[in-house]
Amino acid sequence: MSLLQISEPGLSSEPHQHRLAVGIDLGTTNSLVATVRSGIAVVLNDAEGRPLLPSIVRYFPGGKTAVGYPAQKDLARDPRNTIVSVKRFMGRGLKDVAYAENCPYDFLDSPGMVQLRTCAGVRSPVEISAEILRALRERAEGSLGGELVGAVITVPAYFDDAQRQATKDAARLAGLNVLRLLNEPTAAAIAYGLDNAAEGVYAVFDLGGGTFDISILRLSKGVFEVLSTNGDASLGGDDFDHRVFCWIVEQARPAPLSDEDTRLLLTEAREAKEHLTYHTEARITARLGTGELVDSTLQQKIFTEVTRTLVQKTIAPVKKALRDAGLSVEDVNGVVMVGGATRMPQIQQAVAELFKQAPLNNLDPDKVVALGAAIQADVLAGNRAAGDDWLLLDVIPLSLGLETMGGLVERVIPRNSTIPIAKAQEFTTFKDGQTAMAIHVVQGERELVSDCRSLARFELRGIPPMVAGAARIRVTFQVDADGLLSVSAREATTGVESSIVVKPSYGLSDAQIAQMLQDSVAHSGEDAQARALNEQRVEARRMLEAATAAIEADADLLTPGELSDIRLALDTLDAAALGSDRRAIMAALERVNKITEPFASRRMNRLIHRALSGKKLEDMKI
Amino acid sequence: MINFQQNHFDLFGLQPRFHLDLAELEQAYRGIQSRVHPDKFVHASDAERRASMQSATQVNEAYRTLKGPLARARYLLALHHVDVQSESNTAMPSEFLLEQMQWRESVEEAADRPDELAALALRLGREMQEHYSQLERHLDREGDFAHAADSVRKLMFLERLGEEISDALERSEA
């Protein structure tokens, strides 16, 4: 029970059951699931003993799916319905997807996020990713023998709000309770930090299948502090494959390629790239659908040459990250390499030159992110005793801003601010009697709105009519610990306060999620109603436990009247949770949440007070 | 009982002074954050998770404000009800403005040369350090808020200049 974790030092927590929690690395090329067993982080293998799950989903007419190796087998046979690297499409519009023209998919450009037309119908990247996550959840539950309390899911540090929200939606769709979205480099640092008991400043260089991240972290006893992060959300191993693919086509000059042959040659390109990590040349042979034979030999020297600009693209983000952290190369104690693409010799060499030291490679770059996520999941699940856990302070990777006159961006929250963070901005009307106002939220570092990512457009309505400039509308941006944004606004001059909460426009609405959930459940044969009821009951039990523990610890913060009101609401919830009326449980939950709000903030104040008096006591001992 | 409406210094149990032991601030920040951070409330009720996020947000904001010397000075002045009037009062001494123009010319001339830009950044850092020393004297020893506000205004110019050098460096490396 996590509330016990915050008890005063010296008061031991009651022994509790080990909660099943996992870390998931939802990768562009491969995905993994890991957990902490008997204090050690391990990757959970599939029934055949394989740790990786290729991030590939094949759709069949009628809606059945194959995920992972079975789907990979069909890649060249059914490229249009076999989706690879779906992570590249998460939270992206068609124009944001690099090399979309080389993908054999039937894209459907829809507002906010691209969709794919398959033989099983139109699927969004969220749904496709959910298939991968569901396969991992089933693997974990089968292997651990029970239901998961939740998962930590990793995302590239440089993912923007749309990409993060899409990832969280996919997890929800896959029936996973997200304990936290964790940045991939941070996860890697956790895995390394614990194994090496490292202290000091570390750079994590993470080149995955589709994304590049660089993070600068400071590790010290009990605290992982991300100082800065930077990267390129569309640079990864896939791009190296693509360069090799282009080289092959240039050498062989075949007739225009079919989807199948494109896929075949891309696979050949990837294999050649991997071969060149350990050999000086790679032979590429393939028989195309037209009967043409492709036969070329790629020298490592040429490979390095055709990918030189890609390697160079990693340098500027590293320099920016160091500058944002206020550090130079000399301050870095170690460089951790993450992601399969960092195996390439030209990457190893570039990193060694840049940081003037040999990078750390002692953990498997394919597994390190999942292992770190599992360790963090174990902490968040409350499986570690207080004192044996740690604090993780992460940052928002990209600045948040607002559109102002002339299509310019006014920065509201600068990049690399520690999260959670909130900023309020005041607006006023510019016309007499104006009752509505448009607000456009963007993310990115550029000055022009058109160069940044549009996150949300919304209209504030119901502003009381006043003379121009008299209204005071306060818009608050809140970024939570997952790095997700919510916006609320209120007009405060007339005493009539209107408040709204805006979910960014690309995010799926609750109704859409519910529909997708229903669809997916229909295919898997589960009972949607039963599952929803069960989820509410679990939530009710969690709430009852949490509230009871809170009252036990801090009942003195409540007046007798407040206490009996809370007890009454809890009894109602308890009774509702025994019944099978899902709405009644929801209503009772809502009531408890509302009525315990002041109690929660008083408890938070007490915690701060104790943190300070604890510090004072330490001072006195000295 | 700590009240969130009270000031950032109280939150961390520090004296409201410009001179600050950063290690002490950091220790207090981490001590509080390791109790209120949302990671400690993953299984708590919605109300507690919300309260935790709000507390952690406020603690982050307070830490950010006190950590940076310019933000800290502005905050201290605000506590003494001194508005630095950053928007309206741009009437700076002409000598200072002339210096600013010279600075900007140097930055423009060095646009493509990262080494020169880095040297300028270093020189600017030294100049800012002098102003901070003055600021400390005005705020902590003399209680001369009017002169402190002057220093803050100058430092705001210099900080923006620093950002421009930083941007130019970024462009020169791209």
Side-chain angles (χ1 to χ4, degrees), chain A residues 1-3 5-6 19 149-150 179-180 222-223 225 315-316 319-320 323 376 379-382 389-393 417-423 478-481 542-543 545-547 550 589 592-597 599-616, chain B residues 1-6 10-14 24-64 67-68 114 117-118 121 125 162-163 165-167 169-174:
Chain A
M1 163 94 267
S2 75
L3 280 167
Q5 277 191 291
I6 55 168
R19 292 164 183 262
V149 297
L179 298 172
R180 184 71 70 234
V223 183
E225 189 178 4
I315 307 289
K319 290 190 169 171
K320 277 186 215 170
R323 195 156 39 235
Q376 187 65 12
V379 167
L380 295 181
D389 59 354
W390 54 81
L391 176 65
L392 177 59
L393 298 166
S417 302
T418 304
I419 51 174
I421 186 174
K423 277 280 156 65
Q478 171 82 57
V479 178
D480 68 13
R542 190 172 65 89
M543 168 72 95
E545 266 181 52
L589 269 169
V592 172
N593 265 319
K594 187 106 196 87
I595 205 168
T596 54
E597 249 170 42
F599 182 40
S601 52
R602 278 177 231 162
R603 273 168 54 78
M604 222 53 66
N605 287 347
R606 170 171 278 182
L607 285 172
I608 291 175
H609 189 66
R610 287 189 179 157
L612 281 178
S613 44
K615 193 199 79 177
K616 292 274 153 57
Chain B
M1 180 68 40
I2 298 287
N3 173 359
F4 269 129
Q5 299 314 313
Q6 76 190 104
D10 290 347
L11 179 65
F12 295 119
L14 297 168
E24 198 182 339
L25 170 68
E26 198 168 288
Q27 196 195 343
Y29 166 68
R30 291 173 168 199
I32 295 174
Q33 210 50 301
S34 58
R35 290 179 186 238
V36 302
H37 193 275
D39 280 359
K40 308 288 170 184
F41 293 86
V42 168
H43 302 285
S45 69
D46 287 356
E48 293 218 315
R49 281 192 285 185
R50 204 159 39 236
S52 148
M53 184 176 73
Q54 284 163 355
S55 304
T57 298
Q58 270 165 315
V59 173
N60 275 338
E61 172 64 16
Y63 178 60
R64 192 195 60 76
K67 196 172 63 167
L117 287 168
E163 281 165 19
I165 296 177
S166 196
D167 288 347
L169 259 172
E170 224 162 79
R171 277 195 300 274
S172 73
E173 282 164 0

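Only heavy atoms go into these numbers, but all of them, side chains included; no hydrogens, no water, no symmetry mates. Chain letters run A, B, ... following the sequence lines, proteins first, then strands; residues in each count from 1.
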Any side-chain heavy atom of [X] sitting closer than 4.5 Å to one from [Y]?
X: B:Asp39; Y: A:Val379; result: no
X: A:Arg323; Y: B:Ser166; result: yes
X: B:Asn60; Y: A:Ile421; result: no
X: A:Leu393; Y: B:Tyr29; result: yes
X: A:Arg19; Y: B:His43; result: yes

key: B:Lys40 to A:Trp390 - nearest heavy-atom pair and separation   = NZ-O, 3.6 Å
inquiry  = Looking at every heavy atom in both A:Ala611 and B:Gly31, which two are closest together, and how far apart are they?
reply    = CB-O, 3.8 Å
key: Whether B:Asp46 side chain and A:Asn593 backbone form a donor-acceptor pair below 3.5 Å   = no
query = Where the side chain of A:Arg542 meets the backbone of B:Ala44, is there a donor-acceptor pair that is under 3.5 Å apart?
reply = yes
ask   = What residues, two or more places apart in sequence or in another chain, satisfy side-chain contact (heavy atoms from CB on, under 4.5 Å) together with A:Gln478?
value = A:Pro420, A:Ala422, A:Ser486, B:Met53, B:Thr57
Between [atom1] of [X] and [atom2] of [Y], what distance do you get to the nearest 0.5 Å?
X: B:Glu48; Y: A:Arg603; atom1: CD; atom2: CZ; result: 4.5 Å
X: A:Leu589; Y: B:Ser45; atom1: CG; atom2: OG; result: 10.0 Å
X: B:Arg30; Y: A:Glu225; atom1: CZ; atom2: CD; result: 5.0 Å

request  = Side chain from CB out, backbone as N, CA, C, O: work out which of these in B:Gln33 comes under 4.5 Å of a heavy atom of chain A, or both, or neither.
outcome  = both
Partner set under side chain to side chain donor-acceptor pair (under 3.5 Å) for A:Thr418, not counting sequence neighbours = none
note = The interface call for A:Ile419 against chain B, heavy-atom contacts under 4.5 Å, is backbone
task = Name the region of A:Lys594, side chain, backbone, both or neither, that has any atom closer than 4.5 Å to a heavy atom of chain B.
result = neither
